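The structure appears below as structure tokens.
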Amino acid sequence: MELAAILLIPALASGFALLPTNRHFAAPMTVAATVVVFILASAVAVRTTHTGRVDALGQWLTCDGLGALILALVALVAMTAALFSWGYIRIRAGHSERRKEQHYYALYNLFVMSLLAVPILANVALMWVAIELTTLLSAFLVGFEDTPEALEAAWKYVVLTTLGAVLALLGFLILYWGSQVAGYAPFTWAGLVEAAPRMPPALLWPAFLLILVGFGTKVGLVPMHTWLPDAHSQAPASICALLSGVETTTVLYVILRLFPVVGGTPSLDARPWFVGFGLLSVAIATLLLIYVRDFKRMFAFSTVEHMGIILVAAGLGGAEAHLGAAYQMAGHAIAKSFCFFAAGAVATVFGTQEIAAIRGLVRFAPLTAVALTAGAFAITGAPPFAVFISEFLIFKAGIASGQYLTIALLATFVVIAFCAVMFHINRMTFSTPLGSVPATALPLSCSATLAVAAIPLVVIGIYVPPALQDLLHAAATAMGG
Amino acid sequence: MHSPHFSVIFSLDALTGALFLLTAIGVVATRQVLASLQLFIAQSLLLSLSALLLGIALGSPHLFAVAGITIATKTVLIPWLLRHTVSVEVYRTREIDRVLNIPSSLLIAAFLVVIAYAIANPLLGAVDLPFARINLPLGLAAMFLGVFTVVARREAVPQLLGLLALENGVFFAGVAIVPELPVIAELAAAVDVPVVALVVGLLTRQIHKRIGSTSVGRLAALRER
């Protein structure tokens, strides 16, 4: 029943946001709704680790280990981003624009609902619709600032990701065709895994490639990534946290679901494709990280890099690499959303996103500076943060299975990316200030978000609670390793 | 199972497929925005005609539903939505300045059709479905032409129509390869497509209001410098 409530609550919250009430209603109501959703999602995640899977509404909704991990991550970031929005969107919308704020929260809740629906809808065709809705519902959130740049970003985002989604749709239709040829099987992930060995490889293969390329566009895999830095830099910081932190991961989750489907057919091997696409994304993102001039774009390229790392980890194969991939997904969602909150705070205080325009941050806004630096360390995989451990797990698994070249390349790029990000962050934080800066005060909700979001950021690198550990293992098992 | 007029229906579907491909090529090559919209409506009608023919041949009520949904959403609802979101000025636009000129666009279009047949062949070799022989390669070709339209056109509405033509191509293949797709999936897709048109139409309006043109292909403020 929790699964149905998880979808119902944001839908109701979206409607309430539009009620012609006091302008101070929509923001706290959204925060409250996302807190409830997070508690429910955590409960589902815990139950999944005990029972293997949770079904609801006569099996229309279902959730296994991998789905529960994504569900919990989306709910967590939706909660922190809602809290961040409270003060941040009030400044961005302008103090007189009540309608604009209400529209923001109405779309925000619907966008969150579509993200939550992806890992729990049992029917694969409906899941495709949910993914398509994540794009359509977030288009106006990306273009929220209504500047020419923001509208350009929103346009590219909608057109290119929809194009990708339609290619993926043909892939899913071919998969359904294959499962019909193989004899009747329900059009669910479990049904597809069951039917795959009896499907003609001539059908399974193009379906796999269409979905990999089509949804790879939305994940931001190189060379289909071109829209991603634009959308992830022009959207309000709270939306960037959702886009970069969990939307990409949610779509990557669908690609990872194909792994056990294709894995059942001996004549096909998905692994070289995963490793190839992953390494290419990591390599190009690393190069772009060196030359980047806008710090929100920098974190966007870091997302491309991380999606590549997770894909490589999945392609390495084996239980340990898949555990690394699951851990990396959790670490990335938590750290990247935190980075965008910090970046949004910096942009609010300084009124610019140019790396070159910000010097000596630590003297003007010491807490924000600490947050930005900590976020940068966490996302680039410095100890003691979670990404360090997950990357270590992935390297270890790759070496143990003798894939030295892949690991050598991956490790090189990860180290270069670390240096590039820290170089930019260091200049922003510590170098001599460029004259006096009119510092805008940071809204209370933004500081509060940084404090709240810092808790999981710091904790899961040092101590993984047993419940989360079980969840990560369950997710790795569902990935087929 | 098979209707007595199978071979007649088969030929009619082949004719529909040929016209379907022509409209897809038309969307690539037309300069006027309004003409592109009319071609898209014609293409959607041909898609529902093919669904209807296959529905008769296979005795499948699903496909009648597909035909009905397609007519309702793509030939009535979407043009209505676009007329109410995008201003008349945009429809009067003629695209003078294109990424590629029309002869080279047509050459690439022909090449894409050949590729579509090459890709469809191994699939058809694995599973023999009579109507898939017509609909799968032509649907793939329309799909590639849709991608090409999105890339080659600079105006907002033709890019959107390229996207919708791409979706038509996928469904043109879909009615033949998965005639028994659950109705819930068709309904969901039927909701999705008008939402695409609505969102992109509203975005076009906002771009027109803010930038004064809908030449989205020329927007290039965001890039690596």
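Every chain is numbered from 1 and lettered A, B, ... according to where its sequence line falls, protein lines coming before strand lines. Heavy-atom basis, side chains included; hydrogens, waters and symmetry copies ignored. Being a predicted model, the structure only gives us computed values, none of them experimental.
The distance from atom CG of A/L175 to atom CZ of A/F187, rounded to the nearest 0.5 Å, is 6.0 Å. From A/R198, atom CZ reaches atom CG of A/L204 across 12.5 Å, with rounding to the nearest 0.5 Å.
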Taking it one step at a time, do A/V166 and B/M143 satisfy side chain to side chain contact (heavy atoms under 4.5 Å, CB included)? CA-CA 9 Å; A/V166 179; B/M143 192 180 105; 5.6 Å; no
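Residue contact with chain A, scored on non-hydrogen atoms closer than 4.5 Å, involves the backbone and the side chain of B/L203 alike. Looking at B/V199, both its backbone and its side chain come within 4.5 Å of chain A, counting heavy atoms on both sides. Only the side chain of B/Q159 comes within less than 4.5 Å of a heavy atom of chain A; its backbone N, CA, C and O stay farther away. With a threshold of 4.5 angstrom between heavy atoms, A/L288 approaches chain B through side-chain atoms but not through N, CA, C or O. For A/T226, no part lies under 4.5 angstrom from a heavy atom of chain B. For A/W60, the part lying under 4.5 angstrom from a heavy atom of chain B is the side chain only. Proximity to chain B involves both the backbone and the side chain of A/L173, based on heavy atoms less than 4.5 angstrom apart. Neither the backbone nor the side chain of B/L198 comes within contact range of chain A; no heavy atoms are under 4.5 Å apart. With a threshold of 4.5 angstrom between heavy atoms, A/A153 approaches chain B through its backbone and through its side chain. Neither the backbone nor the side chain of A/F172 comes within contact range of chain B; no heavy atom of the residue lies under 4.5 Å from a heavy atom of that chain. Residue contact with chain B, scored on non-hydrogen atoms closer than 4.5 Å, is absent for A/W205. At a 4.5 Å heavy-atom cutoff, the contact between A/V181 and chain B is made by side-chain atoms alone. Contacts of B/L140 with chain A are made by side-chain atoms alone, with heavy-atom separations under 4.5 Å and no backbone atom involved.
Other residues, nucleotides and ligands contribute more than 12 heavy atoms inside 6.0 Å of the NZ atom of A/K100. The local environment of OH in B/Y117 is crowded, with over 12 non-hydrogen atoms from other residues, nucleotides or ligands closer than 6.0 Å.
Heavy-atom minimum distance, A/M199 versus A/A182: N-CB, 4.1 Å. Here the shortest heavy-atom pairing between B/A142 and B/F20 reads CB-CE2, 3.4 Å. Annotation for A/E132 and B/D192: closest pair CG-OD1, 2.7 Å, computed over non-hydrogen atoms. Across B/A24 and B/L145, no two heavy atoms sit closer than the pair CB-CD1, 3.7 Å. The two atoms that bring A/T286 and A/A417 nearest to each other are CG2-N, 3.7 Å, heavy atoms only. Shown here for A/L116 and A/I120, the closest heavy-atom pair between the two residues is O-CG1, 3.4 Å.
Between chain B and the residues A/L203, A/D146, A/D230, A/T147, the most heavy-atom pairs under 4.5 angstrom are made by A/D146. Among the candidates B/L163, B/I211, B/V147, the residue making the largest number of heavy-atom pairs closer than 4.5 Å to chain A is B/L163. In terms of heavy-atom pairs under 4.5 Å with chain B, the best-connected choice from A/V129, A/L137, A/L160, A/V158 is A/V129.
Applying a 4.5 Å heavy-atom cutoff, none of the residues of residues 40-49 of chain B approach chain A. Scanning residues 64-81 of chain B against chain A with a 4.5 Å heavy-atom cutoff picks out nothing at all.
Inter-residue side-chain proximity for A/T162 and B/V200 is flagged as unmet; no heavy-atom pair is nearer than 4.5 Å.
Taking the six-membered ring where tryptophan is involved, the planes of B/F131 and B/F10 are tilted, since the angle between them lies from 30° to 60°.
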Donor-acceptor pairs under 3.5 Å, side chain of residues 206-218 of chain A to any protein atom, not counting sequence neighbours: which ones?
residue: A/T217; atom: OG1; partner: A/V213; partner atom: O; Å: 2.9
residue: A/T217; atom: OG1; partner: A/G214; partner atom: O; Å: 3.3
residue: A/K218; atom: NZ; partner: A/T134; partner atom: OG1; Å: 2.8
residue: A/K218; atom: NZ; partner: A/T135; partner atom: OG1; Å: 2.5
residue: A/K218; atom: NZ; partner: A/E247; partner atom: OE2; Å: 2.8

What pairs of donor and acceptor atoms, side-chain ones from residues 170-185 of chain B against any protein atom, are under 3.5 angstrom apart with sequence neighbours left out?
none

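None of B/I119, B/I108, B/L166, B/T149 except one satisfies the side chain to side chain contact (heavy atoms under 4.5 Å, CB included) rule with B/F144; the exception is B/I119.
No side-chain donor-acceptor contact under 3.5 Å links A/W189 to the backbone of A/V254.
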